[in-house]
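Here's the structure we're looking at; comments come further down.
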Amino acid sequence: MRRSRAFIPTSKEAPSDATLPSHIFLARAGFITQVAAGLYNYLPLAKRVIRKIENIVNEEMVKVGAQEVELSFVTPADLWAESGRIEKFGKELLRFKDRKNNLFVLGPTHEEMMVDLVRNRVTSYKNLPLNLYQIKTKFRDEARPRFGLMRGREFIMKDAYSFHASTEDLDREFEAMEAAYKKILTRLGLDFRVVEADSGAIGGSGSKELMVIADSGEDTIAICSKCEYGANIEAASRSARALVPEAPVADFNKFLTPDTKTIDELAEFFKVDPYYTVKCVAKRVVYEDESEIVLFFVRGCDNLQEVKALNATEALDIVDVTEEELKELGLEPGFIGPLDQVKAKHVIDSDLKGATNMICGANEDGYHFIGVDMSILDDVVYFADIAEVNEGDICPYCDGKLSFTKGIEVGHIFKLGTTYSKPLKAEFLDENGKSQPFIMGTYGMGISRLVASVIEQHHDESGCIWTKETAPYMVNIMISNIKDEAQVEAGEALYEQLQNANIEVMLDDRKERFGFKMKDAELIGFPYTVIVGKELVDGNVQLFDRATKTKESMSVADIFDKLMEFI
RNA sequence: CGGGGUGUAGCUCAGUAUGGUUAGAGUACCUGGUUUGGGACCAGGGGGCCGAAGGUUCGAGUCCUUUCACCCCGACCA
């Protein structure tokens, strides 16, 4: 491509609202333009990068035996009602009616559509397993789209769906897909981590997220210092502490503790480690048609993890409550404890099961219980893992310590089981002629988010640095002075030579100054720029490496071979 | 969905407290000239329903009302 003909509107200034490097540089370098909140146009350079990522995804999907399909973007609302997700997804589903007044939904993900496609068409265990995928635009009417391509309302996702006759076969496919996803991210040149995750609105038994490590990531992940364990903070677990602080041994008693409403005040009052205190977090738990206040109890040194709390109560939502609401129930904020009190449902963190020498609220203004043995609650209360892990906690699989880092969720793979096949009545006949719902898996990967992720990990103050597998063009030939006929001739010759060798090459033939064209090349981020300039009189050109920003002189005769070596 | 902010040239922004010729700068763009190794310089030029609608006024980018859009913090979210 000749730069003089290319539609690459670069700019010195970033959009005023852009904060992330990926957003700033993709906009400045002429890859994307914004249309409306969370909606972007992909310009020629972006389109080329997207196609490259898609090609890699396609290659790896073919290797694991998945088949590409493309399902309708507009999906009948009836299907969403059938699975029950029309409520669960809520306003994120963009709904509209056609001229015949039928309700439709723009597809935010395609479990229902895919199940509908397969049910009654695959009806025998002999035709399983089956893995179908597509790469397609999705639409989710996010409450607050932001960060450019990172969180758009319209985005490109690769979504795969597998169908199995047994959970063992699903496990096998899940592992194969995880391996394929790792391969894709590795080929793209990304630093990533596979972590355990919460299954969210998609549902299902087990799920893992593929996180690209980046400070700008919106997710916090806990990773082990010794082993491979990593988990989203929403799902991270830990081992019980090996070393515990000295226990405040005491007989059970009610103790006057005026004005000690917070854990800090309580720990200070008794001069004990917050580890031995019981913290109460009251929340309103919302179900489909009702809601109730639930008291969550964790150790004073821990915090409630709301996603875990949501899962423990099987609720749709969890919202804050006011002190007034608690007082109406007869509870005493600051002094709420799990003993002798049945005014609201209790959920106690499993780390408190059997704990002794604890201090907790006595449900009476100004009083706490001391010397509490939590095991007396064993049979009467619901225990669940609801505490958020802290940095420095012990890994659940080894004796390593957990630390936090930020990640961009670029992939999420789920073992769905029969979550969708059952309600949608998608069944097959097994060896015994018995009807069974499909055992399913679903595997998503954000293609447009990957474009942004590559730049989050590969950029500097001058702009984008594309990896070899993602670069829109591998080589940029820069003719320093377009009025110098010898430079033009040498540039054109190399341009033709590289094109004939099927190298993706840009020829910067614009009538601009050296500095202007270099800045432009650095902003766009071509891996290599060949500078045809003042050294040509000695028969030399320079090879500029974008990643290292170094220039190497070499003879015109050698440049082609040298490039072929690098690419 | 709560709280806040901003809408003026393709882009980044002045101008609005105190209404008053023809609405500005930088950048980008066009023409001519000079320049040609790190976003050059000189001269000339095109480009605006001042987000939209209504109102106040002799007169509105500026004041009032309504509305829309976009952004930020939070809630939410593969």
Side-chain angles (χ1 to χ4, degrees), chain A residues 9-19 23-24 27-30 33-39 85 88-93 107-111 138-148 150-153 155-160 197-204 207-211 218-219 232 234 283 286 306-307 310 316-320 408-414 416 442-450 462-463 478-484 487 510-524 529 531-537 541-542 544 549 551 553:
Chain A
T10 58
S11 151
K12 254 199 255 192
E13 301 207 63
S16 52
D17 50 55
T19 52
H23 189 186
I24 292 170
R28 278 193 54 205
T33 62
Q34 183 172 5
V35 180
L39 305 181
R85 281 211 291 185
K88 215 166 183 179
F89 254 108
K91 285 185 182 166
E92 248 176 67
L93 288 182
T109 173
H110 276 185
E111 279 78 12
K138 301 288 187 291
F139 193 94
R140 293 182 190 178
D141 201 357
E142 294 258 3
R144 191 148 99 82
R146 57 189 127 171
F147 304 138
M150 207 64 94
R151 176 172 294 284
R153 291 142 93 200
F155 56 100
I156 304 170
M157 180 164 85
K158 188 233 82 170
D159 44 329
D198 175 63
S199 294
I202 304 282
S207 86
K208 287 186 177 177
E209 287 168 332
L210 286 97
M211 292 284 188
E218 292 187 80
D219 290 283
N232 192 307
E234 294 173 352
K283 294 281 177 184
V286 182
E306 288 202 17
V307 172
L310 195 67
L316 290 177
D317 197 10
I318 283 192
V319 296
D320 290 342
I408 302 165
E409 182 191 345
V410 295
H412 201 160
I413 56 179
F414 298 79
L416 285 178
T442 180
Y443 319 88
M445 182 168 259
I447 304 293
S448 43
R449 187 176 277 183
L450 275 170
S462 305
M478 197 264 269
I479 299 173
S480 177
N481 184 355
I482 204 75
K483 284 186 177 171
D484 184 324
Q487 289 184 16
R510 291 173 301 173
K511 186 180 173 296
E512 296 287 351
R513 293 164 65 90
F514 178 86
F516 182 90
K517 289 195 273 200
M518 278 305 287
K519 289 279 188 203
D520 212 49
E522 284 170 0
L523 179 60
I524 292 169
T529 291
I531 302 168
V532 184
K534 62 183 182 183
E535 295 188 7
L536 190 65
V537 291
V541 293
Q542 284 164 302
F544 174 77
K549 279 190 166 180
K551 292 173 196 157
S553 295

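A note on names: the letters A, B, ... follow the listed sequences, proteins ahead of strands, and every chain is numbered from 1.
Rounded to an integer number of Å, the gap from CG of A/Asp17 to P of B/C73 is 11 Å. Summarising the geometry, the separation between CD on A/Glu409 and P on B/C76 is reported as 16 Å, rounded to the nearest angstrom. Here the P atom of nucleotide B/C1 and the CG atom of A/Asp141 are 10 Å apart, to the nearest Å. Computed from coordinates, the A/Lys138 NZ to B/C77 C1' distance equals 17 Å when rounded to whole Å. Distance CD (A/Glu13) to P (B/C29): 14 Å, rounded to an integer number of Å. Atom CZ in A/Arg153 sits about 18 Å away from atom P in B/C77, given to the nearest Å. The distance between atom CG of A/Leu210 and atom C1' of B/A78, rounded to the nearest whole Å, is 12 Å. For A/Phe139 and B/C77, the CZ to P distance is 18 Å, given to the nearest whole Å.
Within 4.0 Å of A/Gly90, counting heavy atoms only, lies no atom of the nucleic acid at all. Across all strands shown, A/Met157 has heavy atoms under 4.0 Å from base atoms, whether or not it also approaches the sugar-phosphate. Across all strands, A/Pro15 comes closer than 4.0 Å only to sugar-phosphate atoms, never to a base (heavy-atom distances). Looking at heavy-atom distances under 4.0 Å, A/Glu218 makes no contact with the nucleic acid at all. Using a 4.0 Å heavy-atom cutoff across all strands shown, A/Ala143 reaches at least one base atom of the nucleic acid.
One donor-acceptor pair, N or O on each side, does fall under 3.5 Å between the base of B/C77 and the side chain of A/Arg151.
A/Lys511 contributes no side-chain N or O that, together with a main-chain N or O of A/Ile482, makes up a donor-acceptor pair within less than 3.5 Å. For the pair A/Ser448 (side chain) and A/Ile156 (backbone), a donor-acceptor distance under 3.5 Å is present. Side-chain atoms of A/Glu142 never come within 3.5 Å of backbone atoms of A/Arg144 as a donor-acceptor pair (strictly under, hydrogens ignored). Side-chain N or O atoms of A/Ser480 include none that pairs as donor or acceptor with a backbone N or O of A/Phe514 at under 3.5 Å. No donor-acceptor pair closer than 3.5 Å links the side chain of A/Arg140 to the backbone N or O of A/Arg153. Looking only at distances, no side-chain donor or acceptor of A/Lys158 sits under 3.5 Å from a matching main-chain atom of A/Ile447.
Here the side chain of A/Arg146 is nearest to one of B/C72, B/U12, B/C71, namely B/C72.
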What string of B, S and - do you get for nucleotides 30-39 of chain B, 5' to 3', if B is base contact, S is sugar-phosphate-only contact and - is no contact with any protein heavy atom under 4.0 Å?
-----BBBBB
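B/A25 and B/G38 have their P atoms separated by 30 Å, with the value rounded to a whole Å. B/C70 and B/A52 have their C1' atoms separated by 14 Å, given to the nearest Å. Separation of the C1' atoms belonging to B/G15 and B/G19 is 13 Å when rounded to the nearest angstrom. Annotation: B/G61 and B/G45 have their C1' atoms spaced 26 Å apart (nearest Å). Distance noted for atom P between B/G44 and B/G4: 49 Å (whole Å). Annotation: B/U62 and B/C49 have their P atoms spaced 16 Å apart (nearest Å). Distance check on atom C1': B/A9 versus B/G47 gives 6 Å, rounded to whole Å. Look at the P atom in both B/C71 and B/C11: the space between them is 14 Å, to the nearest Å.
Here A/Lys91 reaches the OP1 or OP2 of B/C1: one of its side-chain N or O atoms lies under 4.0 Å away. Contact between the side-chain N/O atoms of A/Arg144 and the OP1/OP2 oxygens of B/C76 is not found at any separation under 4.0 Å.
A residue-by-residue look at A/Ala14 and A/Leu310 shows that A/Ala14 has its nearest nucleotide of RNA chain B further toward the 5' end.
The salt bridge (Lys or Arg N to Asp or Glu O under 4.0 Å) with A/Asp520 is formed by just one residue from the set A/Lys12, A/Arg510, A/Arg28; it is A/Arg510.
More than 12 heavy atoms of other shown residues, nucleotides or ligands fall within 6.0 angstrom of atom NZ in A/Lys549.
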What are the atom names and distances for every N/O pair under 3.5 Å that joins the protein to nucleotides 48-50 of chain B?
none

For A/Thr10 and A/Ile524: C-alpha separation, side-chain torsions, deciding distance, then whether side chain to side chain contact (heavy atoms under 4.5 Å, CB included) applies.
CA-CA 8 Å; A/Thr10 58; A/Ile524 292 169; 4.2 Å; yes
With side chain to side chain contact (heavy atoms under 4.5 Å, CB included) as the criterion, how do A/Arg449 and A/Glu409 come out once you've worked through the C-alpha distance, each side chain's angles and the decisive distance to 0.1 Å?
CA-CA 9 Å; A/Arg449 187 176 277 183; A/Glu409 182 191 345; 3.9 Å; yes
Stepwise side chain to side chain contact (heavy atoms under 4.5 Å, CB included) check, A/Phe139 with A/Leu39:
CA-CA 10 Å; A/Phe139 193 94; A/Leu39 305 181; 3.9 Å; yes
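The glycosidic torsion of B/A17 lies within 90° of 0, placing the base in the syn range.
Between A/His23 and A/Asp17, some side-chain heavy-atom pair lies under the 4.5 Å cut-off. Inter-residue side-chain proximity for A/Leu93 and A/Arg85 is flagged as unmet; no heavy-atom pair is nearer than 4.5 Å.
The minimum heavy-atom distance between A/Pro108 and A/Met157, with the atom names listed, is O-CE, 4.3 Å.
For RNA chain B, each stem of at least three Watson-Crick or G-U pairs (distances under 3.5 Å) is given as range with range: B:1-7 with B:68-74, B:10-13 with B:24-27, B:29-34 with B:40-45, B:51-55 with B:63-67.
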